[in-house]
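Scroll down for the structure; my scribbles are underneath it.
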Amino acid sequence: MFAYVIMYIVVVVAFLNKEKRFLGEIAFFTLLFFSLFRGELVGIDTYNAMKWSTIVNRATMDFDWTVTRTYEISTNYIYQLIYYNGFSPRIIIIFYSIITFLSLRLSSKRFNVDIATMMLIFIVGGAYIYSFNVARQFASLGLVLYAITYIYENERLKSLIFFPVILFAISIHTSSIIFLPFYVFRYIKLKRNIVLGVLFTVIIGNVIGFFDFKYLINDILSLETMEAYDDAYGEGLSEVYQRSLFGYLVMYIALLFQLYTLLRQYALKYTVLVACCISLVVLFGDLDGPLARLFFGAKLIVLVYMGYYLSNYKDIIFKCLFLIMYSYLFFRGLMDPYYFCF
């Protein structure tokens with residue numbers, strides 16, 4: 001707990017003094033250091049990742065990983081590299097951490113978000129601590145975030161960099177394949193009223209319970225491949241997180257923050273893509289369990305979009321409210337980091 005408080009203080013001080021760039025660098029390397037050298041019991045994925053690194057082929061484990069591991073070439077290669085050369089299992093954590101933070105660093109420059117703000121949203125948004133639980137997926141999502149910055153490149157040839165980066169992300173964690181079609185957003189240009197109309201329809205429909213995906217999810221889980229995945233985890237993938245009344249209040253307040261930044265910077269090239277991500281979060285935000293991981297990337301994209309507003313607009317009231325709201329979520333999430341607000 002003390003370490004997280006220290007990290008929080010370092011990041012907030014850097015954010016409040018963004019003109020002093022060295023503070024942003026201190027925040028970046030502080031978070032990277034704790035990610036690289038965290039203990040084996042810090043985060044559910046830390047111990048598991050180090051344990052799996054002693055197995056040459058993860059398909060030989062007690063459950064069938066072949067369904068989802070066939071295309072994860074990079075992950076399998078790094079595991080085999082560790083096994084055959086007798087390297088320390090710690091290397092797998094270092095590999096995931098470096099990929100995650102390097103991707104965030106590169107993405108912050110291309111999104112025009114200063115590094116102090118990027119670290120702030122990464123930690124108070126819940127992504128940093130949650131990345132200890134799903135380290136491999138966050139390494140993949142960092143690459144997804146970087147790939148998305150190429151979608152709207154003016155030069156079409158340069159925009160194609162999106163594909164090799166996404167494929168690299170998929171080779172680490174298969175779930176990132178759902179972002180492969182996002183390249184089509186390069187060609188989607190919709191008027192503000194249409195985008196906002198669809199978005200508000202989704203939100204209102206979710207509030208009144210019109211959009212209920214429980215049956216759809218159960219149909220998906222009836223597929224043979226998903227049943228194998230479900231058995232592997234030993235838990236239901238179609239569970240729906242039961243929020244309290246206060247939980248719904250917090251969720252919709254956070255949604256208001258997202259909508260506010262969307263309206264204020266609608267002219268940005270990423271807006272339609274972000275509106276889609278917000279819709280995905282609204283529609284599937286109540287999912288709990290491994291299936292919910294498919295939508296982590298959408299949440300991360302929305303967080304970075306909010307980071308652009310924090311980084312480039314002098315809206316003191318919004319910044320204060322954002323800091324209060326998400327700081328509360330951060331410290332509340334420390335009580336149960338696996339079910340963090342992210």
Side-chain angles (χ1 to χ4, degrees), residues 3-4 7 28-107 119 122-123 126-147 164-177 179 229 232-235 289-290 292-294 296-297 300 337-338 340 342:
Y4 293 128
M7 285 185 280
F28 175 81
F29 285 106
T30 298
L31 267 61
L32 175 59
F33 175 83
F34 280 102
S35 180
L36 287 171
F37 303 108
R38 63 184 185 269
E40 291 185 15
L41 300 180
V42 178
I44 294 174
D45 219 23
T46 306
Y47 172 75
N48 288 336
M50 295 176 71
K51 178 184 68 176
W52 290 340
S53 66
T54 62
I55 301 174
V56 181
N57 186 348
R58 284 177 292 163
T60 62
M61 298 179 73
D62 294 336
F63 44 81
D64 185 7
W65 282 97
T66 57
V67 171
T68 57
R69 298 299 183 258
T70 305
Y71 305 105
E72 295 176 348
I73 301 171
S74 296
T75 295
N76 288 328
Y77 177 78
I78 194 71
Y79 276 124
Q80 292 178 17
L81 184 68
I82 292 171
Y83 182 88
Y84 285 122
N85 293 278
F87 294 146
S88 169
R90 168 63 56 178
I91 289 179
I92 195 65
I93 299 302
I94 293 175
F95 173 74
Y96 291 152
S97 296
I98 289 177
I99 291 293
T100 301
F101 277 84
L102 181 60
S103 298
L104 289 174
R105 180 85 187 205
L106 295 173
S107 299
M119 292 300 98
F122 193 54
I123 191 168
Y128 179 67
I129 294 179
Y130 210 102
S131 70
F132 297 163
N133 296 317
V134 284
R136 184 165 60 90
Q137 185 174 4
F138 262 86
S140 179
L141 289 179
L143 291 167
V144 168
L145 193 64
Y146 181 59
V165 178
I166 279 288
L167 291 176
F168 183 28
I170 294 170
S171 75
I172 293 176
H173 200 285
T174 315
S175 65
S176 292
I177 198 171
F179 295 100
Y229 191 68
Y233 273 94
E235 57 183 277
R293 296 183 184 183
L294 292 175
F296 284 177
L300 189 59
Y338 191 70
F340 208 92
F342 183 79

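One is the number of the first residue; the rest follow in order along the sequence. Every value quoted in this text rests on a predicted model; they were computed, and no experiment measured them.
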[atom1]-[atom2] distance between [X] and [Y], expressed to the nearest 0.5 angstrom:
| X | Y | atom1 | atom2 | value |
| --- | --- | --- | --- | --- |
| I98 | R105 | CD1 | CZ | 14.0 Å |
| F34 | F29 | CZ | CZ | 15.0 Å |
| I94 | L32 | CD1 | CG | 10.0 Å |
| F122 | S131 | CZ | OG | 4.5 Å |
| L300 | S103 | CG | OG | 10.0 Å |

Provide the closest heavy-atom pair for [X] versus [Y] in the form atom of the first, atom of the second, distance.
| X | Y | result |
| --- | --- | --- |
| T100 | A135 | OG1-O, 4.5 Å |
| M119 | F101 | SD-CE2, 4.0 Å |
| Y128 | L31 | OH-O, 2.6 Å |
| A147 | I166 | CB-CG1, 3.7 Å |

Do the rings of F138 and Y130 sit parallel, tilted or perpendicular, given the 30° and 60° boundaries? tilted

* Counting N and O atoms only, with roles assigned by atom type, does the side chain of E72 sit under 3.5 Å from a partner on the main chain of T174, one being a donor and the other an acceptor? ->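 Yes; at least one donor-acceptor contact below 3.5 Å.
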
Flag, side chain of R136 to backbone of Y96, donor-acceptor distance under 3.5 Å: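 No, R136 side chain to Y96 backbone: no donor-acceptor pair under 3.5 Å.
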
Salt bridge (charged side-chain N to carboxylate O under 4.0 Å, His left out) pairs touching residues 92-104, sequence neighbours excluded, are none

Identify the residue among S176, S74, S171, S175 that makes a side chain to side chain donor-acceptor pair (under 3.5 Å) with S140.
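That would be S176.
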
Non-hydrogen side-chain atoms of [X] and [Y] separated by less than 4.5 Å:
| X | Y | answer |
| --- | --- | --- |
| L143 | I170 | no |
| R90 | L36 | no |
| T75 | H173 | no |

Would you please test F168 and I73 for side-chain contact (heavy atoms from CB on, under 4.5 Å) and show each step? CA-CA 9 Å; F168 183 28; I73 301 171; over 6 Å; no

- Task: State yes or no: are the ring centers of F33 and F37 separated by less than 6.0 Å?
- Result: yes

ring-ring contact (aromatic ring centres under 6.0 Å, His included) filter on F179, not counting sequence neighbours, yields F182

